[in-house]
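Chain identifiers are assigned alphabetically (A, B, ...) following the order of the sequence lines, protein sequences preceding nucleic acid strands; residue numbering begins at 1 within each chain. What's counted below: heavy atoms across the whole structure, side chains too, no hydrogens, waters or symmetry copies.
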2 protein chains.
Amino acid sequence: MAQAPGPGRQVQIAHIATQHYLKNKTRIEIANETGLSRFKVARLLDEAVSTGIVRIDIQSPSGVRLDLSVQLAERFKLDHSVVVDVPSDDEQVLQARLGSTVGDLLSEILTDDDVLGLTSGRTLSAMARSLTTLPKCGVVQLAGVAGPIQETGLEIMRRVSSLAGVRPWTIYSPLVISDAQAALGVRRQPDTAQTFDQFPRVTVAVGAVGSWQPENSQMMKNRALSEEDRTKLLERGVVAEFGATLIADSGEVIHDIDDRCIAISEEGWRAIPAVIAAAGGPSKTRAIRALLASGLIQGLVTDSATAERLLGG
Amino acid sequence: MAQAPGPGRQVQIAHIATQHYLKNKTRIEIANETGLSRFKVARLLDEAVSTGIVRIDIQSPSGVRLDLSVQLAERFKLDHSVVVDVPSDDEQVLQARLGSTVGDLLSEILTDDDVLGLTSGRTLSAMARSLTTLPKCGVVQLAGVAGPIQETGLEIMRRVSSLAGVRPWTIYSPLVISDAQAALGVRRQPDTAQTFDQFPRVTVAVGAVGSWQPENSQMMKNRALSEEDRTKLLERGVVAEFGATLIADSGEVIHDIDDRCIAISEEGWRAIPAVIAAAGGPSKTRAIRALLASGLIQGLVTDSATAERLLGG
DNA sequence: GTCCATTTTGCTCATATGAGCAGAGGGTAT
DNA sequence: ATACCCTCTGCTCATATGAGCAAAATGGAC
């Protein structure tokens with residue numbers, strides 16, 4: 001007689017469920033109080049959940065979308081996943097929110113023993129502005145400045161290392177150089193060489209994501225990249241950049257201009273135990289998906305609309 | 001360091017809570033998968049609930065307000081309590097809904113061994129109309145017909161006993177008689193006397209509630225009650241009637257016209273193991289409260305607005 | 001670097017719980 | 001009334017869990 005329970009039974013179930021789930025009584029205590037066996041109480045509690053009388057939800061009291069965060073972490077095998085609601089479509093608001101969230105995450109994760117690696121970008125600028133405290137960890141710049149405005153990237157390094165109370169390892173160079181020969185010259189400069197020497201020591205890294213298709217990337221705007229360069233790379237299937245690492249939809253890394261870039265290499269990324277990307281918005285979803293497919297990252301901080309797109313298909 | 005958890009810890013808590021509460025993994029299984037101790041997992045699960053990340057609610061998937069039902073039962077020490085949402089203020093809609101609900105409750109409770117006692121009233125008419133099946137229990141009319149329309153009360157008895165497949169014990173009499181002497185005569189009639197003889201056998205009773213203050217009562221309209229009668233009884237503090245049993249706010253039963261009434265007595269009610277009242281609406285709330293205070297009933301079927309008024313103070 | 005206070009952690013052992021099963025109970029057909 | 005099938009119930013025993021406590025860890029003051 002698997003029919004729906006009548007009102008009396010429903011109230012009985014609700015009473016027992018209230019005692020257990022809301023008042024933390026054991027099944028044996030409830031059995032003693034109601035005259036039922038503990039087996040019967042257990043079955044009624046199971047029924048309370050299966051009929052929807054008891055509903056257990058993972059809520060998000062603090063604005064972090066915990067449900068989506070857990071789903072992303074499981075789907076993409078991430079060690080760190082934080083999804084936040086961002087009520088505005090404005091890209092600056094989004095970057096500010098993602099920046100402050102990844103800053104909060106770093107404050108939790110980092111210890112004095114860590115070495116923090118950073119790329120550049122507006123999301124990381126927002127992160128640097130929102131941070132208020134860091135442990136005394138190392139701070140290493142992982143890539144030259146992607147965009148036309150050098151000062152922004154250097155401001156990130158200045159601010160973060162100041163909070164950590166350490167001297168930063170910086171790169172006074174653009175991200176992309178006109179030719180491989182000149183890039184060799186840049187890498188030979190003592191300051192840059194010393195920073196590159198720090199790359200293997202990095203234990204936690206945070207990077208922004210550039211999108212090539214659709215175009216939303218500081219690197220693409222870099223004048224050392226000719227129109228021919230861009231066309232060729234798009235034809236090769238580039239859809240994302242992480243530092244200067246170029247990635248196709250499949251996750252394949254495309255190495256065509258590695259020798260012209262002043263940034264950590266693919267192998268360098270893969271040697272870092274905890275790599276976290278901070279990015280979101282409709283124009284970056286494809287790029288984020290490609291980055292996830294590359295296996296380069298162990299963490300992602302994004303917004304809920306992007307998370308839903310990533311999870312949906 | 002009792003500060004709010006950061007985003008990373010919140011997601012960790014949400015992950016663990018998801019595994020336990022939604023995927024039914026034990027604390028030991030989760031400990032093995034995450035590398036944490038089972039004690040730590042237990043503490044994180046406690047924190048999930050205390051911070052509101054996990055929320056456990058008693059829902060009402062079927063229209064029975066289980067939360068209010070449980071609260072009423074606990075507050076007023078009721079064995080049976082069913083509260084339903086009634087979206088309309090119309091009294092007929094309310095009575096129909098309460099009638100069908102108490103019918104459902106009876107279908108659950110009654111067995112062949114029971115003897116069902118019934119008063120009259122529109123709520124019980126609705127109950128009789130909505131019932132589709134009953135066990136082969138006895139059916140006893142507990143009170144003469146309160147209102148001016150005799151046929152309605154008899155229709156309840158006819159229909160209910162037909163569903164039970166038994167011959168009903170009826171009372172062909174009004175509820176109130178002009179004087180005690182005449183009432184003695186009515187009780188001496190063989191059919192009525194035999195029905196009264198069944199009263200001690202009743203195991204489950206359902207009654208509607210009449211309100212005297214504010215006035216919403218079929219009994220008050222009974223022409224055997226003079227204006228002087230009514231005035232005197234109101235002065236004595238009557239606010240409710242149950243069958244013909246008159247009750248004051250305090251729950252005290254007022255016996256002034258017992259000898260003129262053709263109905264089960266207070267002692268008769270108190271001898272029945274399961275007495276259920278079915279009533280609701282703003283005009284009956286005070287009466288229901290008085291009835292609850294009397295200790296005459298072990299069950300109540302009402303609407304959610306009335307339940308909230310009863311619970312509110 | 002040391003000391004102290006507070007918080008966090010892992011433990012023992014008694015109690016709570018669940019999975020699978022055998023027996024009891026209920027309903028329907030004959 | 002009896003037989004049969006399905007559902008429900010209470011059981012055993014291995015496993016899960018919690019309360020209270022001692023030890024370890026952490027952070028701040030000096």
Inset, instruction - Identify, with sequence neighbours excluded, every residue that meets side chain to side chain donor-acceptor pair (under 3.5 Å) alongside A:T195. - result: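 A:T195 satisfies side chain to side chain donor-acceptor pair (under 3.5 Å) with no residue once adjacent residues are dropped.
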Inset, instruction - Applying side chain to side chain donor-acceptor pair (under 3.5 Å), name anything that partners B:E33, two or more places apart in sequence or on another chain. - result: B:K25
Legend entry - Separation of atom CG in B:L44 from atom P in C:dT9, rounded to whole Å: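 That distance rounds to 8 Å.
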Inset, instruction - Please state how far atom CZ in B:R9 lies from atom P in C:dT7, giving the value in whole angstrom units. - result: 15 Å
Quick one: list whatever passes salt bridge (charged side-chain N to carboxylate O under 4.0 Å, His left out) with [X], sequence neighbours left out.
X: A:R201; answer: none
X: A:R158; answer: A:E155
X: B:D85; answer: B:R65

Legend entry - Residues in contact with DNA chain C, drawn from residues 12-41 of chain A - heavy-atom cutoff 4.0 Å: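 Close to the strand are A:T26, A:R27, A:I28, A:R38.
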Inset, instruction - Please state whether the base of D:dG10 and the side chain of A:R43 form at least one donor-acceptor pair under 3.5 Å? - result: yes
Inset, instruction - Indicate whether the side chain of B:D114 and that of B:T111 have a donor and an acceptor atom separated by less than 3.5 Å. - result: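 The criterion, which ignores hydrogens and geometry beyond distance, is satisfied for B:T111 and B:D114.
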Inset, instruction - Please give the angle, rounded to 10 degrees, between the axes at the start and the end of the helix from C:dG1-D:dC30 to C:dT30-D:dA1, where five pairs define each axis. - result: 30°
Legend entry - Counterpart residues, side chain to side chain contact (heavy atoms under 4.5 Å, CB included), relative to A:K136 (two or more places apart): A:D112, A:V166
Side-chain donor-acceptor pairs of residues 35-45 of chain B under 3.5 Å, sequence neighbours excluded:
from, atom 1, to, atom 2, distance (Å)
B:S37, OG, B:F39, N, 3.4
B:S37, OG, B:K40, N, 3.0

